[in-house]
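Keep in mind that this is a model prediction, so the values were computed, not measured.
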Amino acid sequence: MNASQIEKNVTALVDNFNKEEFVFDLLKAYGISKTSITRLKKGDFNLSKVAGEVLYKSKLLFKEVASGHLLNTIDELTKEPDTLKHNPRFVIVTDYKTLLAKDIRTGAALDTPILEIHKHFGFFLPWAGQEKYTQTNENFADRKASYKMAKLYDILVTENPTIYEDGGHNLNIFLSRLLFCFFAEDTGIFSIEGLFTDTLEQHTQKDATDVHWFLDKLFKVLNTKNNSEEAAHFKAFPYVNGGLFRDTIVSPKFTAAARKIIIECGDLDWSEINPDIFGSMIQAVVNPAYRSGLGMHYTSVPNIMKVIEPLFLNELYEEFEKQKGNAKKLRQLIFRLSKLKIFDPACGSGNFLIIAYKELRKLEIQILQELHPLETQHSIVFTEVKLSQFYGIELDDFAHEMAILSLWLAEHQMNKFFVDELHGFGKAKPILPLKEAGNITQGNATRLDWEDTCPKNESDEIYILGNPPYLGYSRQDNIQKEDMKIVFSSIKNFKKLDYIACWFIKGSFFIKNTKHQYAFVSTNSITQGEQVALLWPNILNILEVGFAHTSFKWTNNAKGNAGVSVVIIGVRAISTVQKVIFTDSIAKKVNNINPYLLDTSNLIVRSSFSTLSKLPIMIKGSSPGDNGNLLMEEDEKNIILKEDPSAMKFFKKYIGAREFMNGNLRYCLLVDENNYTEAVKIQPIKNRFDKVSDFRLKSTKASTREKAKYPYLFDENKYQDSNSILIPQTGSERREYLPIGFFDKSYVISNAARVIYNAEPWLFGLLSSKAHMVWVKAVAGRLKTDMQYSNTLCYNTFPFPDITQKQKEQINLHVFAVLEEREKHSGKTLAQLYDPNKMPKGLKEAHHQLDLAIERCYRLKPFTSDTERLEYLFKEYEKMIHKNTLLEKVKKTRKTKKA
């Protein structure tokens, strides 16, 4: 459902206001199906049983309240954990006079008379899959223009059903020309203010039947050097060129409503529009199916600055400060600026390039202001920083067109700023006719030769930057998988890498044996787990990480990207220049930055089949391979026991990660060759064995078919007749601690968990510690955003010193304290107890004391941060690996001597 239709629906809701049906009519207005609303009314979908409340999962929490209680109620509801666990996008309260609403994801709020809700229909657009544009530096003009263009787009697509037959290319060019005309008539590019809108309004019919003819003619005029033969109303339009109006296109047909919107768009003040947020505006304009997944998203200016400042801008400003007072050196710095090349190989609508361009222009102005009083002979100065220094590759056709347009508009804005700031001695060349705007190539950056877009010469200084797309291997489509094969053609074992790894590899090849550098915003997964060993040895064998921003929450306006944890990594040739790690905007000078973004060596943690720290063996739990026939719920077990109580000896409690975390319990049949004959005399058990046998015989694997002879045995039986420690295989990285289980021999641990048998309590304490958690977060693989605990990668590699019996006994006391605190909250599940937002204070304190005991095994001084913990652990890991390597060499030498 498009924005225009939604606005009509909400207006109709107000015109036919019915307080009993209001919340249901509101949802219906945004395209929620009648079936869903019917079930919501019946109570099937309403998760709240409170009168006057509607809690619709992922959509809303709605509550009727008495007048005077709106603010307090919405404040309470938006802080209620039980409410928010169902992820309502909006919380709405009303007394049917005033309506208050809060967008839980963005924090945006709405306060409106309920009968004026149609004026704010855009607030609830996420229900229709249309994310609103929000940005800290947004202004009214940006937002208003976005919504107007969205309405225009919807009408044009509806009225021109064949508009996408060329893939939308014609429409893309049309819209970029339209945006240029709006901007040009408000910023002095066209000599008369309002020229475009006024001419269209005066020289087209109100029914809009001739608007497309008018625009076709105008676009031809804007590409004509001599328009003296044209009608009088076209003569005022200048020659634009620059490629924007070069190609002939067919304008879409308009309706009277579309004509009205285009005139309303022209009435906005487009001089207030920021070219660097055009990408976000487009997301509110183009079809969601067309825009999603193509990497066309707006990145906030503060995040772009996190890339360009340490990549090149800080160093340029340092050079400027150093050379102040030296006219010759300042001239050389301006010359250097004029020769820089900035290249974004996933440029979207050009955000990174535009901000980089603006920042270089601002620096140039400051240098010229410093230079002017130093020189005796003065002349008019022009900018030396040109759009031709900026390069980009973009897959999406529309974003490609917008990148070109936005760079032109940014140039025009900066030219005006240049003239204003330099007080009479700075001048700008006329923007018209347009020059070529940068070097923006439309295509697939993973398959194009980057040097074809951005040629590199020996004397060049090139900085590659951007925010390439990131997709885990399970989310890559067939084309992207093929892209990976092409980029990694000379590299093995790449299939589990994130898609963004293509940009890191191609960037590394591009800057190899040069002084060029690159820096990308990236998913943090390439600095964690198995991806580290797959990617970074191919980069750090010839290059180094020069700076990095450790993991932080991403703030951009792309649909589906909210809450993503990202890093920023700058890569360069091996250098003596100071390396810097940024954590929460605090810069730390370091000696090295390893693939985990820590100040330790580049040693990579690799899977090991033996424990580094002489810890007991951890194995995968037992796998039944039974199609569910050796497992059962408690009621199924009880039915068998009711028929034959002697069957009790064949049952064990069966527990995996899910059961452990959520407080559930299942049972399994655990039978061996010694008691099989007795077990099959019990008919319900025999029936289950027969089903297991049938299931295994149908397998395509010969080894499984062979096991059909022994249907009473687990496919993989790891059970030992002793106590055990359970470690969930999958866990949330939000948690501060790993929830660990301690069980007696009546439990069989499933293959959805890892297990240590004959375990002592102190080991439970070690695995429950913050030290172990930060290690796991760093080295574990990921399934989506969840950590995948591996005995070979997380446990066997964990560095821990040999400790005395007295130290173990001290740790045991703290373990018992943790277990006691858990027992105090036996009504809650482990998932609830270890939720960082809900963890009881007593349990948290018990874990803190346990942490101190564990960390005293490493050193007496407590750690002050997780970063400090992790860096210490990596150094310990390196020492232990080195020691083991030396021991292996000694053993080999002795064997050789004996031989």
ask   = Would you call Glu736 and Lys844 a side-chain contact if the rule is heavy atoms closer than 4.5 Å?
value = yes
task = Check the angle between the aromatic planes of Phe651 and Tyr667 and answer parallel, tilted or perpendicular using the 30° and 60° thresholds.
result = perpendicular
ask   = Relative to each other, are the rings of His847 and Tyr737 parallel, tilted or perpendicular (30° and 60° limits)?
value = parallel
request  = Any salt bridge (charged side-chain N to carboxylate O under 4.0 Å, His left out) involving residues 668-690? Give me the pairs, sequence neighbours left out, ordered by first then second residue.
outcome  = Glu636-Arg688, Lys649-Glu678, Lys686-Asp690
key: Sequence-distant partners of Glu820, salt bridge (charged side-chain N to carboxylate O under 4.0 Å, His left out), two or more places apart   = none
request  = Could you list the residues that satisfy salt bridge (charged side-chain N to carboxylate O under 4.0 Å, His left out) with Lys824, not counting sequence neighbours?
outcome  = Glu821
ask   = Within 45° of the six-membered ring axis of Tyr473 and under 6.0 Å from that ring's centre, is NZ or CZ of Lys495 located there?
value = no
Side-chain donor-acceptor pair present, [X], [Y], cut-off under 3.5 Å:
X      : Y      : value
Asn687 : Gln683 : yes
Asp483 : Asn444 : yes
Ser48  : Asn46  : no
Ser33  : Thr35  : no

Residues which pass ring-ring contact (aromatic ring centres under 6.0 Å, His included) with [X], listed by chain and number, not counting sequence neighbours:
X      : value
Tyr712 : Tyr676
Phe62  : none
Phe800 : Tyr858

message = Does Asp694 form a salt bridge (Lys or Arg N to Asp or Glu O under 4.0 Å) with Lys691? I'd like the steps, not just the answer.
response = CA-CA 5 Å; Asp694 291 342; Lys691 288 177 182 178; over 6 Å; no
message = Could you go through Asp835 and Arg734, starting from their C-alpha distance and side-chain angles, then the distance that decides it, and tell me whether this counts as salt bridge (Lys or Arg N to Asp or Glu O under 4.0 Å)?
response = CA-CA 8 Å; Asp835 183 323; Arg734 289 179 58 245; 3.5 Å; yes
